[in-house]
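Taking it in order: structure first as structure tokens, then the write-up.
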Amino acid sequence: MAPPRPATILHADLDAFYASVEQLLDPSLRARPIAVGGGVVLAASYEARAFGVGAGMPGWRARQLCPSLLFVGGHFSDYQRLADEVMAVLDAFTPLVERISIDEAFLDVAGSIHLFGSPTHIAEAIRRRVRAEIGLPVSIGVARTKHLAKVASQVAKPDGLVVVAPQSESEFLAHLPVELMWGVGPVTRARLADAGIHTIGDLAAAPTALLDRLLGKAVGAKLSALATNIDARRIETTRRASSMGAQAALGRRAATAGLVRSTLGYLADRVAGRLRAAGWAGRTLTVRVRFTGLRSVTRSATLPVPISATLTLTELATELAGAALAAHPREHEITLLAVSVGNLVPEPALQLELPLDPGDDRYRPRTARDAARWVVDRSVDAVRARFGHDAVRYATVMFSDVQRVPEAFRELAEHAALKPQS
DNA sequence: TCTGGGGTCCTAGGACCC
DNA sequence: TCTGGGGTCCTAGGACCC
């Protein structure tokens with residue numbers, strides 16, 4: 001038997017990130033229960049979590065649980081700046097850093113040991129530096145695999161370090177609740193609980209057939225592998241996005257043609273602009289309409305050629321939304337519209353293909369228009385790059401009233417997401 | 001009195017092709 | 001002449017993540 005791979009994977013995760021930043025920027029908020037957000041809690045400080053307040057919770061529910069809860073507005077550009085500074089600290093220890101969200105990353109420090117000492121020493125050094133230089137608490141898990149490191153960092157919170165030695169992995173996992181695993185949310189947790197499976201140890205011991213039946217073949221196999229500690233995933237420093245989208249919550253609004261059209265115009269403009277900026281176009285467009293009670297439907301269409309022109313996306317999105325609404329004639333109010341483009345391909349392919357349009361009459365006019373519009377869009381992009389986004393606007397978007405969410409938050413979410421890259 | 005915006009991956013059924 | 005299996009793509013829905 002070959003000796004086991006040593007524990008060289010780190011998972012670093014900033015604690016209650018948005019809330020910690022607010023407490024860092026405003027000392028009067030320290031040691032107090034605070035939440036970032038308003039209608040929905042984006043992040044809660046540990047003092048607030050003690051009352052049961054958590055991310056994703058409606059604001060009224062959070063106030064109910066914790067009457068002294070203080071809501072603070074978000075300083076979104078500071079979140080981006082400080083998180084980037086933390087990532088720069090990680091980069092100083094190894095080039096093998098995989099950032100998986102704004103505030104967490106995996107590292108493989110196998111090649112850094114001769115420079116900086118053992119993985120445990122490196123983790124301690126990172127925590128010291130982030131605390132001293134940036135002022136934020138970060139928890140770190142150290143283990144042999146990504147899954148173990150991620151679970152370990154959750155166990156380490158708040159402001160801690162947990163190292164899982166290769167010989168004690170099963171022991172470490174056995175008594176932890178299944179919901180600490182990546183991929184186990186409320187629905188899966190409940191399904192497993194119904195079958196008497198509560199801990200990761202229970203999951204590891206469960207028969208494959210049972211898990212297949214409870215969760216489906218793929219999910220069952222994946223969780224079973226992780227629970228029995230089979231995880232061969234490596235650090236990926238270059239991941240690329242496979243779709244790009246935008247959405248807007250509307251409150252409760254009558255689904256009028258005008259509202260739908262102007263909102264989709266706004267969303268299509270955002271998505272198309274980001275696609276062109278990144279040099280991509282996509283073949284599949286998906287529109288989601290959410291009704292009251294969180295019921296939602298989607299409609300999608302796949303074209304023979306990729307598109308990225310604002311007006312083409314707007315028109316197609318409007319058609320799809322019309323189909324979705326027509327299928328639900330009893331729903332009169334909508335609460336959210338979303339537009340997403342998938343099947344992404346690099347833009348140059350689009351430009352080469354256009355003159356050689358396939359003889360599909362259904363799409364030919366649309367595609368030909370898309371080419372002309374793409375050229376116009378590029379000049380709009382150029383004007384915006386120089387004079388600001390509001391220098392040019394599309395007529396349908398001018399009347400849009402979806403700017404309820406601060407632009408800075410949209411930008412933060414956008415930057416936190418993966419980027420397509422060639 | 002049921003909420004934000006950005007994503008990934010999986011499933012199941014049907015169409016279509018060889 | 002109605003029968004086989006496998007693969008790929010598309011669509012709609014759902015669970016999950018930060």
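Given the structure is predicted, the values throughout are model-derived calculations rather than measurements. Quick note: numbers below take in every heavy atom, side chains included, and nothing from hydrogens, waters or symmetry partners. Here is the naming used below: chain letters follow the sequence lines, and residue numbers restart at 1 for every chain.
With rounding to whole Å, A/Leu214 atom CG is found 15 Å from C/dA15 atom P. Atom CZ in A/Arg283 sits about 9 Å away from atom P in C/dT11, given to the nearest Å. Across the protein-nucleic acid pair, A/Arg410 atom CZ and C/dC18 atom C1' stand 17 Å apart, rounded to whole Å. Residue A/Leu226 contributes atom CG, which lies 14 Å from atom C1' of C/dC17 at whole-angstrom precision. Across the protein-nucleic acid pair, A/Arg295 atom CZ and C/dG13 atom P stand 13 Å apart, rounded to whole Å. In this structure, A/Arg61 places its CZ atom 14 Å from C1' of B/dT3, rounding to the nearest Å. One can place CZ of A/Arg270 at 9 Å from C1' of B/dG5, the figure rounded to the nearest angstrom. Look at CG on A/Leu267: it is 12 Å from P on B/dG7, rounded to the nearest Å.
Checking the phosphate oxygens (OP1, OP2) of C/dA12, a side-chain nitrogen or oxygen of A/Ser300 falls inside 4.0 Å. Residue A/Arg288 places no side-chain N or O under 4.0 Å from the OP1 or OP2 atom of C/dG13. Applying the 4.0 Å criterion to OP1 and OP2 of B/dT8, one finds that A/Ser242 has a side-chain N or O inside that range. Listed pair A/Thr302 / C/dT11 meets the phosphate criterion, a side-chain N or O lying under 4.0 Å from OP1 or OP2. An OP1 or OP2 oxygen of B/dA12 is reached within less than 4.0 angstrom by no side-chain nitrogen or oxygen of A/Lys217. For A/Arg299 and C/dG13, the shortest distance from a side-chain N or O to OP1 or OP2 is below 4.0 Å. For A/Thr335, no side-chain nitrogen or oxygen approaches OP1 or OP2 of B/dT3 to under 4.0 Å. Residue A/Thr188 places none of its side-chain N or O atoms closer than 4.0 Å to OP1 or OP2 of C/dA15.
When heavy atoms are screened at a 4.0 angstrom cut-off, A/Val184 is found touching the sugar-phosphate backbone but no base atom. Among the atoms of the strands shown, base atoms are found under 4.0 Å from some heavy atom of A/Phe409. At the heavy-atom level, A/Gly56 lies under 4.0 Å from base atoms of the strands shown. The residue A/Ala246 sits close only to the backbone: its heavy atoms come under 4.0 Å of sugar-phosphate atoms, none of a base.
The pair A/Glu104-A/Lys150 meets the salt-bridge criterion, with a side-chain N (NZ, NE, NH1 or NH2) lying under 4.0 Å from an Asp/Glu carboxylate O.
Remark: the A/Asp13 side chain and the A/Ser139 side chain contain no N/O donor-acceptor pair separated by less than 3.5 Å. Side chains of A/Trp374 and A/Ser308: a donor-acceptor N/O pair is present below 3.5 angstrom, by distance only. Side-chain contact annotation: A/Thr284 with A/Thr302, donor-acceptor N/O pair under 3.5 Å present. For A/Arg276 and A/Thr310, the side-chain atoms include at least one donor-acceptor pair closer than 3.5 Å.
For A/Ala218, counting side-chain heavy atoms from C-beta on, the closest listed nucleotide (B/dT11, C/dC16, B/dG4) is B/dT11. When distances are taken from the side chain of A/Lys150 to each of C/dC16, C/dC17, C/dT11, the shortest belongs to C/dC17. Out of C/dA12, C/dC16, B/dG4, the shortest distance to the side chain of A/Thr298 is found at C/dA12. Of the candidates B/dG4, B/dC2, C/dA15, the closest approach to any side-chain atom of A/Pro58 belongs to B/dC2. Which of C/dG13, B/dC9, B/dG7 sits closest to the side chain of A/Ser243 comes down to B/dG7. Nearest to the side chain of A/Glu104, among B/dG5, B/dG7, C/dC18, sits C/dC18.
For A/Glu411 and A/Met57, each mapped to the nucleotide of DNA chain B holding its nearest heavy atom, the one lying further toward the 5' end belongs to A/Met57. Residue order along DNA chain B, read from the 5' end via each residue's closest nucleotide, puts A/Val40 first among A/Val40 and A/Gln247.
Between A/Pro119 and A/Leu10, some side-chain heavy-atom pair lies under the 4.5 Å cut-off. A/Leu148 has its side chain within reach of A/Leu173: a pair of non-hydrogen atoms, C-beta onward, lies under 4.5 Å apart.
Across C/dC18 and B/dT3, the matching P atoms stand 23 Å from one another, rounded to whole Å.
Searching all strands for a Watson-Crick or G-U wobble partner of B/dA15 with both distances below 3.5 Å returns C/dT8.
Stacking of A/Trp60 onto the six-membered ring of B/dT1 is present: less than 5.5 angstrom between centres, less than 30° between planes.
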